[in-house]
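To find a chain, count down the sequence lines: A is the first, B the second, and so on, and within it residues start at 1.
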2 protein chains.
Amino acid sequence: MAFVDTVSGPEALRETLHDRGMRMTPQRQLVLDAVRELGHATPEEICRRVRVTAPAVNITTVYRTLDLLDRLGMVRHTHLGHGAPNYSVHAHEHVHLVCHRCGRVDEIPCELMSPLGGTLEAEYGFELDASHLALSGTCRECLAAGGPAGGRPEESE
Amino acid sequence: MAFVDTVSGPEALRETLHDRGMRMTPQRQLVLDAVRELGHATPEEICRRVRVTAPAVNITTVYRTLDLLDRLGMVRHTHLGHGAPNYSVHAHEHVHLVCHRCGRVDEIPCELMSPLGGTLEAEYGFELDASHLALSGTCRECLAAGGPAGGRPEESE
DNA sequence: TTCACTGCAAAGTCTTTGCACATAT
DNA sequence: ATATGTGCAAAGACTTTGCAGTGAA
């Protein structure tokens with residue numbers, strides 16, 4: 001019997017879609033591939049990536065497809081604080097650290113959030129979804145350069 | 001000698017502005033008052049509040065003034081994950097918990113973030129600004145109602 | 001063959017910019 | 001008197017919607 005990669009192969013998407021009476025299309029596969037290849041990206045960036053292969057794909061389709069894949073649980077989006085959201089594959093879990101002085105974005109493992117998650121659950125009954133939103137603050141370099149806490153954020157967000 | 005409330009009186013704003021060669025205007029005071037009265041609000045809501053007193057004030061002025069007050073450190077804004085940012089007075093520090101199933105926003109004391117803040121600082125040299133971004137997840141009610149982790153977010157964000 | 005999906009264009013939010021006039025100092 | 005601040009209108013970034021035609025099943 002043939003092995004079917006139900007996690008990342010093209011068949012996974014097709015099956016998931018068919019299970020819900022939806023159709024597999026080249027656009028959908030391309031968008032999912034683009035998210036995987038880019039790691040993190042905005043709809044705009046994903047669209048550009050898709051267009052390398054299929055120049056006719058419309059940004060509208062990218063938005064609709066990202067929304068669909070998000071609802072299917074195959075990708076997820078994170079709000080980094082300003083502007084467009086940032087999409088990544090669902091499997092790749094991490095927390096974002098956004099420096100609001102230089103705009104730099106770092107990733108840290110989700111596990112660091114576990115203690116906080118436990119507290120929130122115990123005290124507020126709130127189940128934390130660590131990877132959906134970013135944490136903001138000031139990064140090492142900006143602390144070193146622009147001086148500590150005192151200075152207001154320069155720019156970016 | 002007269003007592004001057006340098007924290008919240010009208011003179012505080014005037015002084016801060018004059019120190020930087022900027023001018024005190026009724027609009028600026030009204031926007032700051034609106035943020036104080038509303039606690040949390042979007043630029044749109046702040047504008048509506050200001051217009052109760054001064055109907056001619058333009059939304060553009062509200063945006064410009066909020067940006068100014070933010071740079072002056074008198075208000076701060078938080079990204080709740082979707083749409084417009086949320087402004088509040090700088091003094092009132094807290095973390096937001098946003099339920100991505102029902103959209104509800106709760107506040108928790110900043111201190112809960114201290115352990116995480118310490119870890120981030122020690123391991124990554126990152127100085128956390130807990131109140132600038134929200135934490136998302138699922139609230140107690142939604143967990144009870146819609147069942148736990150399993151179900152995809154319904155709606156809202 | 002049928003109906004979900006796509007592309008296109010238009011509209012909808014939220015926010016910023018340019019400019020002439022108003023006004024705080 | 002001066003140049004900062006304001007209102008207005010237009011534009012800009014990001015996203016959604018309506019609709020007719022396309023193509024997956």
Side-chain angles (χ1 to χ4, degrees), chain A residues 10-11 13-32 34 41-48 50-51 53-72 74-75 77-87 103 155-157, chain B residues 10-11 13-32 34 41-48 50-51 53-72 74-75 77-87 103 155-157:
Chain A
E11 290 315 310
L13 178 55
R14 164 166 263 119
E15 277 180 31
T16 308
L17 289 168
H18 285 186
D19 285 352
R20 312 196 179 206
M22 295 167 165
R23 295 175 184 176
M24 175 60 153
T25 68
Q27 289 90 335
R28 287 175 175 177
Q29 187 64 56
L30 286 168
V31 168
L32 180 54
T42 60
E44 191 71 39
E45 292 164 342
I46 291 164
C47 188
R48 274 203 295 278
V50 167
R51 282 177 173 165
T53 309
V57 172
N58 197 278
I59 183 80
T60 301
T61 299
V62 173
Y63 276 106
R64 284 191 282 226
T65 303
L66 286 172
D67 185 55
L68 172 68
L69 294 175
D70 204 337
R71 279 182 283 115
L72 293 177
M74 305 189 78
V75 305
H77 68 277
T78 305
H79 296 281
L80 259 27
H82 55 291
N86 189 289
Y87 285 83
E155 201 42 43
S156 42
E157 158 58 352
Chain B
E11 290 314 309
L13 179 54
R14 164 165 262 118
E15 278 179 33
T16 307
L17 290 168
H18 286 185
D19 285 353
R20 314 197 177 205
M22 296 168 163
R23 296 174 183 177
M24 175 60 153
T25 67
Q27 288 91 336
R28 288 175 174 178
Q29 187 64 56
L30 286 167
V31 167
L32 180 54
T42 61
E44 191 71 41
E45 293 164 341
I46 291 164
C47 189
R48 274 204 294 279
V50 166
R51 282 177 172 164
T53 309
V57 173
N58 197 278
I59 183 82
T60 300
T61 300
V62 173
Y63 275 106
R64 284 191 282 228
T65 304
L66 286 171
D67 185 55
L68 172 66
L69 294 176
D70 204 336
R71 279 183 283 117
L72 293 177
M74 305 189 77
V75 305
H77 68 276
T78 305
H79 296 281
L80 261 26
H82 55 290
N86 188 288
Y87 284 82
E155 197 47 42
S156 49
E157 157 43 355

With side chain to side chain contact (heavy atoms under 4.5 Å, CB included) as the test, would you mind laying out the steps for A/H18 and A/M24 before giving the verdict? CA-CA 8 Å; A/H18 285 186; A/M24 175 60 153; 4.3 Å; yes
Going 5' to 3' along DNA chain C, which nucleotides are the first and last within contact of chain A (any atom under 4.0 Å from a heavy atom)?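 Extent of the interface on DNA chain C: C/dC3 to C/dA9.
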To the nearest 0.5 Å, what is the distance between CZ (A/R23) and CZ (A/R14)?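 CZ of A/R14 is found 12.5 Å from CZ of A/R23.
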By side-chain contact (heavy atoms from CB on, under 4.5 Å) - contacts of [X] (at least two apart):
| X | value |
| --- | --- |
| A/R48 | A/E44, A/E45 |
| B/P43 | B/Y63, B/L66, B/A84, B/Y87 |
| A/R28 | A/L13, A/L17, A/M22, A/T25, A/T65, A/L68 |

Please give, in whole Å, the distance from D/dT4 C1' to B/L72 CG?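 Rounded to whole Å, this separation is 14 Å.
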Can you check the B/L68 CG to D/dG5 C1' distance for me, whole Å? 10 Å
Residue pair A/L32 / A/M74, side-chain heavy-atom distance below 4.5 Å: yes
Given side chain to side chain contact (heavy atoms under 4.5 Å, CB included), test A/H79 with A/N86 step by step and report yes or no. CA-CA 6 Å; A/H79 296 281; A/N86 189 289; over 6 Å; no
Quick tally for nucleotides 20-25 of chain D: nucleotides whose base has a protein heavy atom under 4.0 Å get B, sugar-phosphate-only ones S, the rest -, giving ---BBS
Near DNA chain C, under 4.0 Å by heavy atom, which residues of residues 53-62 of chain A?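 Those residues whose heavy atoms fall under 4.0 Å from DNA chain C, taken from residues 53-62 of chain A in numerical order, are A/A56, A/V57, A/N58, A/T60, A/T61.
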Does any pair with a residue in residues 56-67 of chain B pass salt bridge (charged side-chain N to carboxylate O under 4.0 Å, His left out), and if so which ones, sequence neighbours excluded?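 Output for this query lists B/D67-B/R71.
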Please list, chain by chain and in numerical order, all residues satisfying side-chain hydrogen bond (donor to acceptor under 3.5 Å, both in side chains) with A/T16, sequence neighbours excluded.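 By the side-chain hydrogen bond (donor to acceptor under 3.5 Å, both in side chains) rule, A/T16 matches no residue at all.
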Applying side-chain hydrogen bond (donor to acceptor under 3.5 Å, both in side chains), can you list everything that pairs with B/T53, at least two apart in sequence or on another chain? none
Over the length of the helix from C/dT1-D/dA25 to C/dT25-D/dA1, how much do the five-pair end axes diverge, rounded to 10 degrees?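 One end's axis against the other's: 30°.
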Pair B/L80-B/T78, side chain to side chain contact (heavy atoms under 4.5 Å, CB included): steps then yes or no: CA-CA 6 Å; B/L80 261 26; B/T78 305; 3.6 Å; yes
Give me the atom names and distance for the closest heavy-atom approach of A/V50 to A/L30. CG2-O, 3.7 Å
Determine the minimum heavy-atom distance between A/V75 and A/D70, stating which atoms define it. O-OD1, 3.3 Å
Does D/dG5 have OP1 or OP2 sitting under 4.0 Å from an N or O in the side chain of B/R28? yes
Using nucleotides 11-14 of chain D, report all nitrogen or oxygen pairs with the protein that are shorter than 3.5 Å.
none

